[in-house]
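Since this is a predicted model, take the numbers as computed values, not measurements. When a ligand or atom number is given, it counts from 1 through the structure's own listing order.
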Amino acid sequence: MEQNKEVEIDGNSNPIQISRLALDIGGSLIKLVFFSRNSGDDEDPPKDLVGVSSGVNGRLHFAKFETAKINDCLQFISANKLLLGGGFQHQENCTNDRSFIKATGGGAYKFSELFKEKLGISLEKEDEMDCLVTGANFLLKAVNQEAFTYLNGSKEFVQIDHNDLYPYLLVNIGSGVSMIKVDGDGKFERVSGTSVGGGTFWGLGKLLTKSQSFDELLELSHRGDNRAIDTLVGDIYGGMDYLKIGLSSTTIASSFGKATSHNKELEDYKPEDISRSLLRMISNNIGQISYLNALRFGLKRIIFGGFFIRSHSYTMDTIAVAVHFWSKGEAKAMFLRHEGFLGALGAFMSYETHSLDDLVVNQVMPLPVNASLGTDTNYDPLEGDLNGTESIQCSVYRA
Ligand SMILES: Nc1ncnc2c1ncn2[C@@H]1O[C@H](COP(=O)(O)OP(=O)(O)O)[C@@H](O)[C@H]1O
Ligand SMILES: CC(C)(COP(=O)(O)O)[C@@H](O)C(=O)NCCC(=O)O
């Protein structure tokens, strides 16, 4: 993947001090999170942080690779010496830390031998649902300007009150979709799921449009018009609304309904229209199932993660509108800037309970309004698609 080249940490050729690496190896993508220590001395922790003595400043980096191109990922780890460590961990722990890395997702099982063979490293497996929840809670509590709502084309960051975070429904849209009721740190239940998710959009979209990459398929959807292929209420009701049951003439009555037409073949439809229709169908369906699960448990807040979303306006809009429509405005859809990295962050955080339990890594410094995302100083949190290789400034404190 082009953007995942060697990482430049502080703009010069100083050797990188990587202190931790964690992976989420999913059905479609491998996500990496690693911490690099800034050059310079350790610093004193903020006064309001009790129980810690010193801290290190650094950056949390994010990168992703297609799982099908796992060799590129192995090469990236190797070329950037991500397994060497030597950052903030205690010397006596170094050997242990270097002999395994935390990994979650199905690929942590599937590719275990490959990592051993190619990098000489064991993957210490962490439960995927556990990691998703830990990652989401971490982002919601520690990272400023992380969660936002999206309605009528505009993003609005949500200030999270730590005392009023739970319960919420976490919907992770990866290859498939998991819906998890979160009641606290480590307190959760996977209440539902659907196999119609990101893999479905990418898979069906690839077959139907011949797109060669996910980005190409997504780009097509920008230019498409789903009305060319979806049957609308108006198509069935002679241009009229069906207001008695709350349906306007422009509501989709049947996704891909027009494709049943006898005298049209696949080639008669524009790939961009197909992509848009597919994206709308899948996003709408996920929004609706999510709302129904929120309703089951009386949850008002639904937080969507997973790389399917890709901060794509049409996807977020469709999901948000579905939640808004079905809940009659009662429930709210929220999205996360680091949407695709929940599992990897959870695996990253899981080092605490094992060999690094004298470190507190939950204090990502609040970012200023024009957030510092290391490798891209022009990054606008309101506009950007956090696509990998970005980083956030953070501090890690020793207890
Ligand atoms: N560059 C990409 N290549 C493939 N799929 C992508 C890409 N970017 C986003 N996606 C979407 O994200 C989904 C994977 O999301 P992710 O959260 O990484 O799940 P998983 O853990 O199953 O890999 C894909 O199925 C696809 O819909
Ligand atoms: C099996 C999975 C947890 C794997 O996670 P993924 O790699 O898709 O992120 C996920 O694909 C899923 O929840 N699928 C839906 C299965 C179902 O509930 O029907």
Exercise. With a 4.0 Å cut-off, strictly under, does atom 15 (C) of ligand 2 pick up any protein heavy atom?
Worked result: yes
Problem set entry | Within-cutoff protein neighbour (heavy atom, under 4.0 Å) for atom 1 (C) of ligand 2 | no
Problem set entry | contact_flag F308 ligand 1 heavy-atom lt 4.0 Å | yes
Exercise. Hey, what's the ring geometry for H338 with F62, parallel, tilted or perpendicular (30° and 60° as the breaks)?
Worked result: tilted
Exercise. Where does the angle between the aromatic ring planes of F348 and Y351 fall among parallel (under 30°), tilted (30 to 60°) and perpendicular (over 60°)?
Worked result: perpendicular
Answer yes or no: does an N/O atom from [X] fall short of 3.5 Å to an N/O atom of ligand 2?
X    : result
N172 : no
G27  : yes
G176 : yes
S192 : no

Going by the atom numbers of ligand 1, which of them fall below 4.0 Å from some non-hydrogen atom of [X]?
X    : value
G199 : 25 (O)
K31  : 16 (P), 18 (O), 19 (O), 20 (P), 21 (O), 23 (O)
S28  : 14 (C), 20 (P), 22 (O), 23 (O), 24 (C), 25 (O)
G306 : 17 (O)

Atoms of ligand 2 less than 4.0 Å from [X] heavy atoms?
X    : answer
V177 : 12 (C), 13 (O), 14 (N), 15 (C)
S175 : 8 (O)
M129 : 3 (C)
R190 : 12 (C), 13 (O), 15 (C), 16 (C), 17 (C), 18 (O)

Problem set entry | Residue pair N152 / S154, side-chain donor-acceptor N/O under 3.5 Å | no
Within a reach of under 6.0 Å around [atom1] of [X], are more than 12 heavy atoms found that belong to other residues, nucleotides or ligands?
X    : atom1 : answer
R190 : CZ    : yes
K206 : NZ    : no
K187 : NZ    : no
W202 : CH2   : yes

Could you tell me whether [X] and ligand 1 have an N or O pair separated by under 3.5 Å?
X    : result
G176 : no
G27  : yes
G198 : yes
W202 : no
S175 : yes

Exercise. So, the side chain of D230 versus the backbone of F256: is there a donor-acceptor pair under 3.5 Å, distance only?
Worked result: yes
Exercise. Within the side chain of S275, is there an N or O that forms a donor-acceptor pair under 3.5 Å with the backbone of E272?
Worked result: no
Exercise. Which protein non-hydrogen atom lies closest to atom 6 (P) of ligand 2, naming both residue and atom, and how far is it?
Worked result: E128 OE2, 3.7 Å
Seminar exercise, completed: closest protein heavy atom to atom 19 (O) of ligand 2 is S195 N, 4.0 Å
Seminar exercise, completed: At under 4.0 Å between heavy atoms, what of F307 touches ligand 1? The answer is both
Exercise. Is any side-chain heavy atom of L278 closer than 4.5 Å to a side-chain heavy atom of M281?
Worked result: yes
For this session: Please test D273 against K258 for salt bridge (Lys or Arg N to Asp or Glu O under 4.0 Å), starting from the C-alpha separation and ending with a verdict.
Result: CA-CA 12 Å; D273 297 342; K258 287 194 179 125; over 6 Å; no
Problem set entry | Value rounded to 0.5 Å, distance of OG1 in T318 from OH in Y150 | 9.5 Å
Problem set entry | Between CD1 on residue I252 and CD1 on residue I229, distance to nearest 0.5 Å | 11.0 Å
Exercise. Any ion pair linking D215 and R310 (charged N to carboxylate O, less than 4.0 Å)?
Worked result: yes
